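First the structure, in the form of C-alpha cells, and then the observations on it.
Ligands are counted one by one from 1 in listed order, and the atoms in each one are counted from 1 as well. Model, not experiment: these values are computed from the prediction. Just so you know, these numbers use all the heavy atoms, side chains as well, and skip hydrogens, waters and symmetry mates.
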Amino acid sequence: MSEPQSEIRHFSKNWQQQLAEAFNNLEDLCRYLNLSPNELPVSNAAAENFPLRVPLSFAACIEKGNPHDPLLRQVLPVNEELIVYPGFSHDPVGDLASVSQTGVLHKYQGRVLLINTGSCAINCRYCFRRNFPYGELQLSKQKEEAAIQAIQNDTDISEVILSGGDPLLLSDSRLTRLIRQLDGIGHVRRIRIHTRLPIVLPARITDDLINTLKLSPKQLIVITHCNHANEINERVITACTLLKNSGITLFNQAVLLKGVNDNAKILTALSERLFDLGIIPYYLHLLDKATGTGHFEVSETEALTLIRQLQTALPGYLVPKLVKEQAGAASKQAVF
Ligand SMILES: *Cc1c(COP(=O)(O)O)cnc(C)c1O
Ligand code: SF4
C-alpha cells in the first residue's frame with residue numbers, strides 16, 4: 001500500500017519537525033485511524049494526567065479501524081488508568097528521589113545510568129515515568145559536568161548508560177559533547193544508549209548521529225525498546241540497519257503487557273523480526289507497578305508459562321530474559 005502525499009511530505013522532514021508534528025490529541029489520532037472516539041474507552045482525565053503523544057511513524061503502524069490494535073493500546077489514554085490497584089504506587093522502583101538531585105543513578109556495580117533528559121518522543125501509557133514531573137530531570141550543563149566528574153573519579157565504572165526519558169532527543173551538539181567527554185575517560189569501556197527512537201521516530205538516526213557514534217573509541221551499545229513486531233516498518237529497518245552497519249551492538253528490551261504482547265505467538269514473532277534486523281532480544285520486563293498501569297499487568301505465573309513456550313519455539317539466543325525491577329536490589333531480578 002502506498003503512503004498518501006501528506007505522509008510522504010511528513011517523512012521527508014527532519015526529525016525535529018516530525019517530532020513537533022506528533023499527534024497530541026485524541027481527535028486527530030482517531031481521525032487518522034478511522035476510529036470514532038465514541039467506540040473507544042478513552043478518558044480525558046487520563047490524558048490530563050499524562051498527555052497523548054504519538055509520532056506519525058508509530059501511528060502509521062497501527063491498523064486502521066481496529067480499536068483493539070496492540071500498538072494503539074500502548075498509547076491511548078483510557079478509563080482503566082484511573083482504577084486504583086493495590087500494590088501500585090507513584091515510584092515503584094524507588095529511583096526518582098535519588099536521581100533528581102544529580103542526574104546520575106549508580107545502583108548496579110560498574111554501571112551508571114545518566115538521565116540526560118526527561119522527555120520522550122512517545123508517551124507509553126504503561127511507563128512509570130508517567131507519574132513524574134520529568135521535566136525537572138533535565139540534566140543542566142552544570143549537573144552534566146558534575147556527573148562527568150563523578151564518573152571520572154570512580155575507576156570502578158566501566159559502563160555509562162545514557163537513559164531518560166530518551167537520550168536521543170538531545171541535540172547532536174549536546175550528545176556529541178557528552179560522548180566526547182566520556183571518550184576521554186580511560187576506565188569507561190562501554191557507552192550504552194537506551195532509546196525507543198529507532199522504533200518510534202526512526203528519522204532521528206541521521207548520518208550525523210551515526211558519525212558521532214562511530215568516532216567514539218568505546219564499545220557502543222544501543223538498546224532499543226520494541227514490544228510488538230508490528231512496530232517495525234521500513235523506516236525502522238533503515239534506521240536499525242544504519243546503526244548495525246556502523247558496528248554498534250544492538251539489543252532490545254520489551255515490557256510484557258496484557259493485551260499487547262502477552263501471547264507466545266506474538267513474542268515469538270517479535271524475537272524473529274528483531275533478529276532479522278540484527279537486534280538480539282535482551283530483557284522482557286515485568287511491568288513496574290506504577291499508578292495508572294494496573295490494566296497492563298501480566299502475572300508472574302503467566303509470564304513464566306509464556307517464557308517456557310518461547311523456549312520450545314525459538315533458539316535459546318532469541319529467548320529474552322524475563323526480569324523484574326526490585327527497589328533496593330543489586331541487579332534486575334531474573335524470574336524463574
Ligand atoms: C537496568 C539498569 C541498569 C542496567 O542493568 P543491566 O542488567 O546491566 O542491563 C543499570 N542501572 C540502573 C539504575 C538500571 O535500572
Ligand atoms: S519511551 Fe520508554 S521512557 Fe519513554 S514513555 Fe515510553 S516506556 Fe517510558
F11 six-ring face occupied by R235 cation (under 6.0 Å, within 45°):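 Yes, R235 sits over the ring of F11.
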Aromatic plane relationship, F296 with Y126 - under 30° parallel, 30 to 60° tilted, over 60° perpendicular: perpendicular
Atom-level proximity to ligand 1, residues with heavy atom under 4.0 Å: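 Residue list for ligand 1: L105, K107, Y108, R111, L113, I161, R192, Y282, Y283, E325, K332.
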Atom 8 (Fe) of ligand 2 neighbourhood, protein N/O/S only, threshold under 2.8 Å: C127 SG
Ring center gap for F251 and Y283 short of 6.0 angstrom: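 Between Y283 and F251, which both carry aromatic rings, the centre distance is not below 6.0 Å.
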Electrostatic pair [X]-[Y], nearest N-O below 4.0 angstrom:
X: E231; Y: R196; answer: yes
X: D172; Y: R204; answer: yes
X: R192; Y: E159; answer: yes
X: K258; Y: E302; answer: no
X: E325; Y: K332; answer: yes

Side-chain touch P281/N252, heavy atoms, less than 4.5 angstrom: no
